[in-house]
Protein chains: 2
Amino acid sequence: MKTADKHSKIIRAATKVFAKKGFFNARISDIAKEAKVADGTIYLYFNNKYDMLLSVFEEKIGKLVEQINTHLEKEEDPRRMLEIFIANHLREMKKNRNLAEVIQIELRQTNKMIKDYRNNKFSEYLDIISTIIKRGQAGNVFRQDVLPGIAKRAIFGAMNEVARIWNINIDSEYKVEEIESQVIKIFLIGILEHPEKSD
Amino acid sequence: MKTADKHSKIIRAATKVFAKKGFFNARISDIAKEAKVADGTIYLYFNNKYDMLLSVFEEKIGKLVEQINTHLEKEEDPRRMLEIFIANHLREMKKNRNLAEVIQIELRQTNKMIKDYRNNKFSEYLDIISTIIKRGQAGNVFRQDVLPGIAKRAIFGAMNEVARIWNINIDSEYKVEEIESQVIKIFLIGILEHPEKSD
DNA sequence: CCACAAAATGAATGCTCATTCATTCGATTA
DNA sequence: TAATCGAATGAATGAGCATTCATTTTGTGG
């Protein structure tokens with residue numbers, strides 16, 4: 001087996017184990033077993049346990065970034081772009097529960113670390129949202145008084161929390177499409193029945 | 001010192017240490033030192049480490065529930081109620097960073113546990129949001145097609161993620177009032193400039 | 001002031017892993 | 001076939017830390 005294969009085999013195993021047990025309860029030996037590899041082998045590919053988590057996270061988010069960039073490539077309308085982003089994110093989370101878990105874990109884990117890691121994939125991912133918003137504001141599609149730096153977080157946070165529905169079985173009666181359209185609508189037009197009366 | 005005092009002294013210390021180090025990196029001895037108490041004393045008040053985290057969480061969220069219920073008591077307008085909820089949550093998170101951290105930690109921690117813990121304070125807290133929404137729908141203030149069970153999560157998730165701004169110093173140029181009004185507006189009227197063109 | 005109980009202490013225990021590294025494997029080359 | 005060397009192995013190490021509990025301190029009622 002080639003080196004690259006083994007590396008990604010370990011990443012896959014780690015994702016699964018981290019997702020299932022959380023970072024601190026995951027044993028290196030669990031991951032090794034899952035990857036069908038000796039414990040020591042893992043240290044040929046990663047410096048330490050935390051390095052694995054970082055790698056897993058960067059790789060997964062990196063894929064999300066690529067994927068969404070591809071989807072957005074030909075789209076011009078900021079509104080559609082936002083819809084695509086939200087739909088894509090939610091579908092991925094639903095499809096791959098481990099991914100959703102790992103994002104949560106790493107997000108908590110890194111919290112204090114993230115300061116040092118400027119150029120990381122995660123900020124890149126978040127910034128896609130704010131870029132869309134700025135673009136929409138330039139085209140007068142989105143309100144000018146929305147702060148893109150806040151909105152990107154609000155949107156990401158909402159999606160993330162909503163996606164947890166699929167990881168805890170409660171409320172699992174909701175379908176992806178339903179949730180998707182809910183989130184999109186809420187962010188586009190809000191929840192007021194008569195928004196014209198606002199401000 | 002009376003028992004009740006010591007109990008809450010430990011809770012306070014635990015909140016601080018959990019917030020600073022995270023659950024798994026927090027040592028019982030750290031908490032004991034912070035509370036100016038012997039390691040063993042902690043076990044007179046809590047069954048084990050995880051029990052402490054649960055207690056901390058329940059107590060903190062419990063206070064939030066009480067607080068927000070008081071604030072909402074005399075309010076009749078669902079729209080105002082939602083505004084009050086959001087403002088209150090964000091202000092508390094800003095005021096007490098440890099609280100924000102601990103919520104995150106416990107949220108991750110419990111993820112799988114929470115299934116077993118139906119009647120917990122956290123669901124109670126979330127349900128205040130959905131109750132407000134249902135009320136607004138009954139009064140035709142909020143759109144009928146909003147699913148309260150989804151919206152409550154979206155709102156909570158957004159607030160939580162936005163509140164992280166204060167825990168990682170980046171972007172700390174934002175003021176509470178600014179963020180408050182952003183989040184409220186986004187959820188009430190969305191980000192579209194011309195929402196009437198929707199659907 | 002004493003006797004007793006309750007509360008508090010913190011050193012000792014014992015277990016759990018992350019990490020290391022001496023050894024083995026297996027592919028390649030001559 | 002033998003020599004070489006990078007990759008892989010997994011048992012052994014040792015540090016870290018939650019929890020326990022024998023002992024001490026504090027509080028109370030007579």
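Worth saying up front: this structure is predicted, and the values here are computed from it rather than measured. So you know, we letter chains A, B, ... as the sequences are listed, proteins then strands, and number each from 1.
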Between CG of A/N25 and P of C/dT16 the distance, given in whole Å, is 13 Å
Separation of C/dT19 atom C1' from A/M52 atom CE, nearest Å, is 13 Å
Is a donor from one side chain sitting under 3.5 angstrom from an acceptor on the other, for B/E92 and B/Q67?
yes
**Report entry** Flag, side chain of B/E59 to backbone of B/I11, donor-acceptor distance under 3.5 Å
**Finding:** no
From NZ of B/K33 across to P of C/dT9 the rounded distance in Å is 15 Å
Considering only heavy side-chain atoms of B/A38, the closest of D/dA8, D/dT9, C/dG10 is C/dG10
* Under 4.0 Å between a side-chain N or O of A/Y45 and OP1 or OP2 of D/dA7? -> no
Ranking A/A26 and A/T41 by the position along DNA chain C of their nearest nucleotide, the one closer to 5' is A/A26
**Prompt:** Less than 4.5 Å apart, any side-chain heavy atom of A/I191 and any of B/I189?
**Reply:** no
| query | A/F122 vs A/F57 aromatic rings, parallel, tilted or perpendicular, using cut-offs 30° and 60°? | reply | tilted
Considering only heavy side-chain atoms of B/I28, the closest of C/dA8, D/dT19, D/dA7 is D/dT19
**Message:** Can you see if the side chain of A/K49 gets near the phosphate of C/dT19 - specifically, an N or O under 4.0 Å from OP1 or OP2?
**Reply:** no
Ranking D/dA18, C/dA18, C/dA8 by distance to the side chain of A/Y43, first place goes to C/dA18
Per atom distances to the B/R27 side chain, the nearest of D/dG16, C/dG10, C/dA8 is D/dG16
